[in-house]
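Step one of this worksheet: look at the structure below.
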Amino acid sequence: MATTCEIAIPTTERLLTSQFGRLLAMVFGSGLSMYLLTSVVPLYLAANGSGGVGAGLSTAAMMFSAVAVELMVPRMLARWGYQVVLGLGLVLLGAPSLVLLTSAALPVVLAVCIVRGAGLAILVVGAVALVADLTPSTRRGEALGVYGVAVGVPAVIGLPLGVYLTNVIGFGALFVLAAVASLAGLVALIGLPANASEEEQHVKVLGGVRRSGLLSPTLIFAAVTVAAGISVTFLPLAVAGDKQSLVATALLLQAIAAPIARWLAGRYADRVGPAKLLAPALILAAVGAGSLVFLPSAVAILIGSTCFGIGFGAAQNLTLTLMYNRVDRSRYGQVSALWNLAYDGGWGAGAMIFGAVVGGVGFSVAFALTAAVVAVAVVPAVRASAI
């Protein structure tokens, strides 16, 4: 075990520097822009006649666009640097929201979602890479925990607030608010490093995934994000319109539970190892997703959303920590890209498939199938704990 007495003066190992603070502010604003519209765009389409299929396609379009662009972000950072690339991400995520003021036609909304997905991809991959460059290696885990809170709080605020405000200020004002939240982050870019770390510039995202042990945790996390994308996209549609306050409360509980669980899971994972906690987290997420079978029970919705939030938040931390533990620092960029690919790909695939099948089987059966997908991932999680 390495000792700390030989390392530089502790007072130089500051975590919350002005640069890191600006990065967290940018992450907060862009996250708020995303989550304000995550459940609102499906409602907007449904209110204008596109139904469940349109709602699923909107989420899938954004997430699949993110998946495609995430593969290119490391090369973009190497060529143009952090300020230019992150600035582009903020513009692509925020500005297209204003286009929704002009039309609710499905092709227009899907185009907006595709462009916003590209912006999201740039921001999530670029920000995680920048965390590594801005913070001391001796406090890297803590820095990722603080970053996790910064990306989790917008979900706490944005998911329920977006649904609630649709009946207060209307769709149009929400679209403007989402645009401003992202574009305001351009100010925070001033003073951030211009160039990406040389150590992570030439990572091949899909190279050596299986041999390095990254494939299993990537697929396990994708199974959980399938359920996450479904819950925030279709829960507002599965519950009667006069009970949208219940949906807002459920999304709030889920969004609060996730970052708390993410932080706690990280603390305990440092002591016992992330693999040992992964299976319990997935079981809790599966139970939470399965509780939605009992719609329209308010108790089932609230308890299920909370349980899923805890399991999902814990799985976020545990899978990412497990992946980082299996590689050296030169592949941290690859881990970030893979993890975000699993996040966005699972989120988008779940929403698209659910939207296609829910019309034929109903919400209860579709939610049961969602829980089964998460439950299947418990098997490789148990195997990982035995290694």
Side-chain angles (χ1 to χ4, degrees), residues 1-4 7 13 15 124 128-129 131-132 135-152 200 203 205 208-228 257-289 307-343 346 373-387:
M1 181 180 296
T3 60
T4 58
I7 302 177
E13 299 293 295
L15 183 64
V124 294
V128 172
V131 170
T135 57
S137 60
T138 54
R139 303 184 70 180
R140 186 67 42 75
E142 184 180 359
L144 289 172
V146 173
Y147 172 81
V149 173
V151 298
E200 295 185 359
V203 171
V205 174
V209 171
R210 193 165 191 172
R211 293 191 304 274
S212 58
L214 297 178
L215 182 60
S216 177
T218 298
L219 295 178
I220 289 172
F221 185 53
V224 186
T225 61
V226 163
I260 293 175
R262 187 172 180 176
W263 174 68
L264 289 174
R267 283 178 59 88
Y268 286 102
D270 288 338
R271 302 174 187 176
V272 303
K276 294 186 182 299
L277 301 177
L278 188 53
L282 292 176
I283 292 172
L284 195 56
V287 170
C307 288
F308 181 78
I310 295 172
F312 178 51
Q316 285 180 293
N317 187 296
L318 297 171
T319 52
L320 184 57
T321 302
L322 185 61
M323 293 169 73
Y324 275 129
N325 288 349
R326 292 181 174 182
V327 300
D328 57 36
R329 190 182 186 280
S330 65
R331 300 183 68 180
Y332 280 4
Q334 179 188 28
V335 167
S336 172
L338 281 173
W339 190 83
N340 281 292
L341 283 170
Y343 197 127
V373 171
V374 181
V376 168
V378 174
V379 176
V382 172
R383 291 175 180 171
S385 66
I387 296 177

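Side-chain atoms are counted along with the backbone in the values below, which use heavy atoms only and exclude waters and symmetry mates. Numbers here are sequence positions counted from 1. Quantities reported herein were computed from a predicted structural model and do not represent experimental measurements.
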Task: Side-chain heavy atoms of R262 within contact of V151, under 4.5 Å - done: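 Side-chain contact under 4.5 Å: yes.
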Please identify each residue that fulfils side-chain contact (heavy atoms from CB on, under 4.5 Å) with [X], with sequence neighbours left out.
| X | answer |
| --- | --- |
| A375 | A286 |
| I260 | I256, L264 |
| P380 | S216, I220 |
| L277 | Y268, A269, V272, L318 |

Open item on the list: Pair V224, L282 - check side chain to side chain contact (heavy atoms under 4.5 Å, CB included), show working.
Closed with: CA-CA 7 Å; V224 186; L282 292 176; 3.0 Å; yes
Task: Partner set under ring pair (Phe, Tyr, Trp, His ring centres under 6.0 Å) for F308, not counting sequence neighbours - done: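 Residues passing ring pair (Phe, Tyr, Trp, His ring centres under 6.0 Å) with F308: F312.
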Task: Spacing of L341 atom CG and F221 atom CZ [to the nearest 0.5 Å] - done: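 Output value for this atom pair is 11.5 Å.
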Task: R326 side, atom CZ; L215 side, atom CG - distance, nearest 0.5 Å - done: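 Taking CZ in R326 and CG in L215, the distance rounds to 10.0 Å.
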Closest heavy-atom contact between [X] and [Y]?
| X | Y | value |
| --- | --- | --- |
| Y147 | V124 | OH-O, 3.9 Å |
| M323 | T218 | CE-OG1, 3.3 Å |
| A223 | V374 | O-CG2, 3.7 Å |
| Y343 | Q316 | CE1-NE2, 3.2 Å |

- [ ] Quick one: list whatever passes side-chain hydrogen bond (donor to acceptor under 3.5 Å, both in side chains) with T225, sequence neighbours left out.
- [x]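 In terms of side-chain hydrogen bond (donor to acceptor under 3.5 Å, both in side chains), with neighbours along the sequence ignored, T225 is linked to no residue.
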